[in-house]
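Worksheet: one structure, shown below.
One-based numbering, in listed order, for ligands and for the atoms of each.
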Amino acid sequence: MKIGILTSGGDCPGLNAVIRGFSKYVFKQMKNVTLYGIADGYGGLINGEYREMKESDFSGILNMGGTILGTSRQPFKLMTYEEENSPSKLELMKKNYKKMDLDLLVTLGGNGTHKTAALLASEGCNVIGIPKTIDNDIWGTDVTFGFHSAVDVAGRCIDNVHTTAASHGRTILVELMGNKVGWLTLYAGIAGGADVILIPEIPFDTGKVIQAVADRAKSGKDFSIIAIAEGAMDVEEADLKKKVRMSKRAEQGYVTVTNKLAKAIAEGAGVETRVLVPGYLQRGGNPTPYDRLLSTELGCFAGRLAKSGTFGVTVAMKNNAVSYNLLSDIAGKTKFVPTDHQMIEAARSIGISFGDGKKYGFGG
Ligand code: F6P
């Protein structure tokens with residue numbers, strides 16, 4: 001069997017552990033396997049950049065962050081775009097799939113990667129996806145690899161700013177990754193002991209956030225920590241289309257809402273505010289032991305699917321059991337945080353504010 005493997009989209013801890021799990025499985029459990037490492041995601045498949053890899057290439061990478069294959073972002077909407085007299089990226093990928101004589105393409109990636117994987121599958125390629133992202137927003141799986149490593153980093157950032165916030169009596173807003181969804185901010189916020197958690201799924205009322213900070217000050221706590229997702233928005237912004245929202249922010253000199261909110265809190269609550277953006281630190285570094293386990297399990301399961309000839313699917317974790325979904329069922333869907341999620345309920349029950357004025361037990 002000839003197999004190509006690639007990692008696509010933003011990197012995250014666990015990619016190498018998945019690659020290792022998959023490759024070790026196929027080399028040990030299958031006969032006559034040729035494995036090609038495709039460089040820089042779909043970019044390598046488009047440009048025909050790949051090399052044959054041996055089992056020894058996958059040793060010593062379990063705990064390594066990043067990806068030994070390299071990655072790139074190849075927007076899905078440009079895959080079928082045809083420039084005059086040149087084939088689309090999709091056509092080039094299909095051509096190289098044939099040229100490499102592949103029996104299977106394994107794609108490690110997030111939502112965009114899965115959309116392209118589904119497209120390739122619908123065009124006759126044999127594809128198995130594996131769900132990667134620190135955003136944890138892939139439909140049909142309870143968890144994606146990389147998420148818990150990012151929670152670890154982000155949670156510790158929130159943890160660590162407590163001492164400086166408390167010493168100076170400041171309110172610190174920690175802006176975490178998550179353009180569309182708030183999983184990382186919700187989990188890291190709770191794990192790090194944030195007082196306010198703001199996520200895209202729950203647009204916030206600036207007045208309520210100011211109130212939460214002021215209430216803490218009144219109760220004798222002159223510092224507060226706010227975990228805010230980069231995609232968070234206030235209730236006024238939530239009524240706007242994304243393009244309008246972004247251009248309004250740009251006019252005011254903002255990309256995210258965080259600095260605007262920091263200013264509003266400083267004025268409204270009469271406190272000193274600071275903003276911390278850990279950024280790519282959340283995607284960097286080594287996978288946690290949990291992610292090494294999850295990645296190994298998902299990678300090995302993808303190997304099992306390869307062995308059994310189960311294609312057009314992506315690996316998933318459902319109720320702690322490793323399983324799979326059809327690519328065509330999950331592609332293009334986003335797993336948002338349900339606003340009544342048990343973590344949100346737990347957070348509300350211990351007094352964490354989501355800036356929407358709702359309190360635990362009052363419902364609606
Ligand atoms: O997809 C993961 C993610 O980390 C998002 O949370 C973030 O918005 C995005 O990647 C930014 O990545 P890049 O700057 O690499 O495009």
| message | On a heavy-atom basis, I'd like to know which of Lys180, Met177, Lys132, Arg283 is closest to atom 10 (O) of ligand 1. | response | Arg283

| remark: Any heavy atom of Ile134 under 4.0 Å from ligand 1? The part involved is side chain

| message | Taking 4.0 Å as the limit for heavy-atom contacts, which would you say applies to Gln282 with ligand 1: side chain only, backbone only, both, or neither? | response | neither

| message | Are more than 12 heavy atoms, taken from residues, nucleotides or ligands other than Arg304, located less than 6.0 Å from that residue's CZ atom? | response | no

| Proximal ligand 1 atoms for Asn179, defined as those under 4.0 Å from one of its heavy atoms | 8 (O)

| query | Which ligand 1 atoms, with their elements, are less than 4.0 angstrom from a heavy-atom of Glu230? | reply | 5 (C), 6 (O), 7 (C), 8 (O)

Please write down residue, atom name and distance for the protein heavy atom closest to [atom].
| atom | answer |
| --- | --- |
| atom 14 (O) of ligand 1 | Tyr280 OH, 2.4 Å |
| atom 2 (C) of ligand 1 | Asp135 OD2, 3.2 Å |
| atom 16 (O) of ligand 1 | Arg73 NE, 2.8 Å |

| said: Lys132 and side-chain contact (heavy atoms from CB on, under 4.5 Å): which single residue from Thr144, Val18, Leu15 fits? | reply: Leu15

| message | Which residue is it: Asn325, Ile330, Leu305, Leu327? I am looking for the one with a side-chain contact (heavy atoms from CB on, under 4.5 Å) to Val313. | response | Leu305

| task | For the pair Asp103 and Lys2, find out whether any cationic side-chain nitrogen is under 4.0 Å from an anionic carboxylate oxygen. | result | no

| query | With a 4.0 Å cut-off, would you call Lys248 and Glu251 a salt bridge? | reply | no

| field | Cation-aromatic face contact Arg216/Phe223, 6.0 Å, 45 degrees | value | yes

| Side chains of Gln29 and Lys307: do they bring a donor and an acceptor to under 3.5 Å? | no

| Counting both backbone and side chain atoms, is some N or O of Thr133 under 3.5 Å from an N or O of ligand 1? | no

| request: Report yes or no: does Gly178 have a heavy atom closer than 4.0 Å to ligand 1? | output: yes

